[in-house]
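What follows is a single structure, written as structure tokens, with notes after it.
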Amino acid sequence: AQTVTQSQPEMSVQEAETVTLSCTYDTSESDYYLFWYKQPPSRQMILVIRQEAYKQQNATENRFSVNFQKAAKSFSLKISDSQLGDAAMYFCAYLCTSGTYKYIFGTGTRLKVLA
Amino acid sequence: DAGITQSPRHKVTETGTPVTLRCHQTENHRYMYWYRQDPGHGLRLIHYSYGVKDTDKGEVSDGYSVSRSKTEDFLLTLESATSSQTSVYFCAISGREEGSPLHFGNGTRLTVT
């Protein structure tokens, strides 16, 4: 079964600095999708970034970028120029579209941003 | 934003009572999901649906049942609520394109006393 592991329960970063959140996954599939979601205290789930496994280019969205290492099954999220509004829970998720169409989530990383 | 509504937003119930949570979408999307969120466990899939009357189990389906009689509605039922089912429940829908991200409802906080 596919699994997603986020090994950092909590991280801290100084405002304006850069932080990297790690995510690894286990799969035997070659075609799949990966996502990062942000959950602020409001409880709303917000898509941060999406990566297609067949694309070698790392996805970026403004201050958010990923380091996708397919062979290592690693999908880390880098947040540059951290802002107070970035403080939230961050979840990594995996989707394989062959067979069952299930999105599998990691346990999350709580990011604190220090002023 | 995807049109997805969960009800109720909050609910307190007693052990042993049945509880139904409702998810309603206006997007006409095929796939719908129920997750529960607990500290230290992230989001865990309870059940999902890939069409009207087509549902399948997730990793934590024991004690839960679902029904989807219309494309727009996906109901989650706790037949006899237990304290271990105290959680935040999220409904989500997936877009039409392959690999679309999930769009989530605002969640239901359920407390079983």
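Chain A is the first sequence line, chain B the second, and so forth, proteins listed ahead of strands; every chain is numbered from 1.
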(Q) Are there residues of residues 32-41 of chain A whose heavy atoms fall under 4.5 Å of chain B's heavy atoms? If so, which? (A)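 Against chain B, the residues of residues 32-41 of chain A that fall inside the cut-off (heavy atoms, under 4.5 Å) are A:Tyr33, A:Phe35, A:Tyr37, A:Gln39.
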Q.
Looking at B:Arg68 and B:Asp54, is any side-chain nitrogen of the basic one under 4.0 Å from a carboxylate oxygen of the acidic one?
A.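 No.
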Q: Could you go through the ring-ring contact (aromatic ring centres under 6.0 Å, His included) check for A:Tyr103 and B:Tyr35 one step at a time?
A: CA-CA 10 Å; A:Tyr103 294 74; B:Tyr35 288 88; 7.7 Å; no
Heavy-atom distance under 4.5 Å to chain B: side chain of [X], backbone, both or neither?
X	answer
A:Arg50	side chain
A:Thr100	both
A:Tyr101	both

What heavy-atom pair brings [X] and [Y] nearest, and what distance separates the two atoms?
X	Y	value
A:Glu15	A:Leu84	OE2-CG, 3.7 Å
B:Thr15	B:Ser83	OG1-N, 4.4 Å
B:Ala81	B:Glu14	CB-O, 4.3 Å
A:Ile104	A:Val4	O-CG2, 3.6 Å
A:Ser80	A:Thr18	CA-OG1, 3.7 Å

By a 4.5 Å heavy-atom criterion (distance strictly below it), what part of [X] contacts chain A: side chain, backbone, both, or neither?
X	result
B:Arg44	neither
B:Gln37	side chain
B:Tyr50	neither
B:Leu43	both

Q | Flag, side chain of A:Thr109 to backbone of A:Gln8, donor-acceptor distance under 3.5 Å | A |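 Checked: pair present.
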**Q.** Same cluster (ILVMFWY, side-chain, under 4.5 Å), B:Leu45 and A:Phe91
**A.** yes
Q) Checking side-chain hydrogen bond (donor to acceptor under 3.5 Å, both in side chains) for the pair B:Thr20/B:Thr77: CA distance, chi angles, key distance, verdict? A) CA-CA 4 Å; B:Thr20 296; B:Thr77 297; 3.2 Å; yes
Q) If you tally heavy-atom pairs under 4.5 Å against chain A, which of B:Gly99, B:Gly40, B:Gly42 wins? A) B:Gly99
